[in-house]
Engineer: 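Can you keep this structure in mind? I'll have questions shortly.
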There are 2 protein chains.
Amino acid sequence: MDADSSSLKTVNGNEARTEIVRAAAEVFMEFGFAATSIDAVAERLGATKGRIYHYYDSKAELYFDVQIAAMERLIREIEPLARGGGNAAERLEAMALRHATILMEDLPMQKVAVRGLERELLGAVAARHAKTLRSIIRLRDDYEQIFAEVIDTGIRDGLFVDLPPRLTTKPFFGALNWLTVWYVPRRLQKPEDIAEIARTLTGFAMRGILKGA
Amino acid sequence: MDADSSSLKTVNGNEARTEIVRAAAEVFMEFGFAATSIDAVAERLGATKGRIYHYYDSKAELYFDVQIAAMERLIREIEPLARGGGNAAERLEAMALRHATILMEDLPMQKVAVRGLERELLGAVAARHAKTLRSIIRLRDDYEQIFAEVIDTGIRDGLFVDLPPRLTTKPFFGALNWLTVWYVPRRLQKPEDIAEIARTLTGFAMRGILKGA
DNA sequence: ACGGGAGCATACTCATCAGTATCGTGGCTC
DNA sequence: GAGCCACGATACTGATGAGTATGCTCCCGT
């Protein structure tokens, strides 16, 4: 149906774009949007600007694509869990565990996404990319909504502490997302370690929200 | 050459510097380090570059000063609470409550500090400011240490969950610090609202760390 | 076996800042 | 009441980096 709904410049550039997005995520993660030069991304790719501008019209568009990719993976993996079996507490726990794991597995992309639409952008580029911007905010809201609904259910079922859901969701995400600030992937020792961190964080977050017995 | 330890250029510029730091914090909060121009800070001051470069040698130095001011306030206010009365749980709760409150009261500075030494800096400016950089990292570590010790005590006393302290501190801070990501000061309604938010977050964090009855 | 275009590289342009150099001006001391 | 200096404004310089213009080279279909 779409001749060209995203601003795809060439017909078959999807895997080329993916490769660019991956490299961009790494550099954006390291330096942030403003301090990242397209040349630096190109260098990480072992290429030059030309390659990137062939697929993307601007740095902002590339940055947006990183965020979109990150959010889409989260939504794709977490939504089924929200619909899965078990009561609200069990489902929320599964979601949190998966969420934390994905953050670590996909650190570059996810870190960029978590940092979010740093203000630096909104002011500078808002006008030109208003539509894309809105769609990303939409994605983020949708994602939070998935959690919010499960939490809502849990509160109504008397499983969770009886507080404003919005205000409960925040520290819940905080406990998990904060890992993008401190987590540094170690060479070696990765496979089972990620799981342990994810479990610890999830445990903390769940205790925070569960109504005391 | 020059004997003065901080790079204070003029003799009595302390209040002038304070005013500059305050303005800088607002702009840095809004746009981040890289995307903030000194001219923008000057404009917020209702002045020009000249004023700023009269007191600061570089943008980095100014940025550092914001971080230092933020960390110093935290340490100054929280440390007494760590030494105060009560068991580890009571002290930790008081600390968390105060911490969250300060974040909201001093949002610009604290947000900049929480975002931390964004990587964008480390690469770019590390060499020249290695000493300052180290002292800021030191401040941050000291601050975390204040919490870590109380948490340690609580674990030994059997009050807190029995997990690696380092891994418990992280989500604890996460639940609190995350508010710098979502909290937007509302005009009106501020005085008691801040207190409620702080209490909710603190409650969450404490439940996360307390050993279930 | 030859156009033509997708997929890049190279080589520009032009704007934005960080930092500097220089110059006014008011207040202070003697 | 003259000189001095803290303070700050104005007017430069130089580097960096986003985006563009253009050229090269395969690969593809015909």
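Letters go in sequence order (proteins before strands), and every chain restarts at 1.
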Engineer: Please give me the minimum heavy-atom distance between B/I197 and B/W182, naming the atom from each residue.
Structural biologist: CG2-CH2, 3.8 Å
Engineer: Within the sub-3.5 Å range, which N or O atoms of nucleotides 21-28 of chain D have a protein N or O partner, and how far apart are they?
Structural biologist:
none

Engineer: Whole Å only: how far is the CD atom of A/E43 from the P atom of C/dA9?
Structural biologist: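 That distance rounds to 13 Å.
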Engineer: Would you confirm whether B/R17, through its side chain, and B/Y55, through its main-chain N or O, come within 3.5 Å as a donor-acceptor pair?
Structural biologist: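 Yes, B/R17 side chain to B/Y55 backbone: donor-acceptor pair under 3.5 Å.
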Engineer: Hey, are B/R186 and B/D193 close enough for a salt bridge, meaning a charged N less than 4.0 Å from a carboxylate O?
Structural biologist: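 Judged by the 4.0 Å cut-off on N to carboxylate O distance, B/R186 and B/D193 do not form a salt bridge.
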Engineer: Can you tell which of D/dC7, C/dC8, D/dA9 lies closest to the side chain of A/Y55?
Structural biologist: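 When the side chain of A/Y55 is considered, C/dC8 is the closest of D/dC7, C/dC8, D/dA9.
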Engineer: Less than 4.0 Å between a side-chain N and a carboxylate O, is that true for A/E30 and A/K111?
Structural biologist: no
Engineer: Using a 6.0 Å cut-off, check whether atom CZ of A/R44 has over 12 heavy atoms from anything other than its own residue.
Structural biologist: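 Yes - once you tally the heavy atoms of other residues, nucleotides and ligands closer than 6.0 Å, there are more than 12.
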Engineer: From CZ of B/R17 over to P of D/dA6, roughly how many Å is that when rounded to an integer?
Structural biologist: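 Computing the B/R17:CZ to D/dA6:P distance gives 15 Å.
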Engineer: Hey, is B/E79 close enough to B/R83 for a salt bridge, meaning N to O under 4.0 Å?
Structural biologist: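 So B/E79 pairs with B/R83 through a salt bridge.
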Engineer: Roughly how many Å is it from CZ in A/R51 to P in C/dT10, rounded to a whole number?
Structural biologist: 13 Å
Engineer: With a cut-off of 6.0 Å (strictly less than), are more than 12 heavy atoms of other residues, nucleotides or ligands near CD of A/E43?
Structural biologist: no
Engineer: Over how many whole Å does the gap from A/L45 atom CG to C/dG7 atom P extend?
Structural biologist: 15 Å
Engineer: Is the closest basic N to carboxylate O distance between B/R140 and B/E144 below 4.0 Å?
Structural biologist: no
Engineer: My understanding is that only residues two or more places apart in sequence, or in another chain, count here; which of them pass ring-ring contact (aromatic ring centres under 6.0 Å, His included) with A/Y183?
Structural biologist: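 Once residues adjacent in sequence are excluded, A/Y183 has no partner under the ring-ring contact (aromatic ring centres under 6.0 Å, His included) criterion.
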Engineer: Tell me: OH of B/Y56 to P of D/dG8, nearest whole Å?
Structural biologist: 13 Å
Engineer: Check whether any side-chain N or O of A/H54 sits under 4.0 Å from OP1 or OP2 of C/dC8, and answer yes or no.
Structural biologist: no
Engineer: Rounded to the nearest Å, what distance is computed from the CG atom of residue A/N14 to the C1' atom of nucleotide C/dA6?
Structural biologist: 15 Å
Engineer: Could you go over nucleotides 14-18 of chain D and give all protein N or O partners under 3.5 Å, atom names and distances?
Structural biologist:
from: D/dA18; atom 1: OP1; to: A/T36; atom 2: O; distance (Å): 3.0
from: D/dA18; atom 1: OP1; to: A/K59; atom 2: NZ; distance (Å): 3.2
from: D/dA18; atom 1: OP2; to: A/I38; atom 2: N; distance (Å): 2.9
from: D/dA18; atom 1: N7; to: A/K49; atom 2: NZ; distance (Å): 2.9

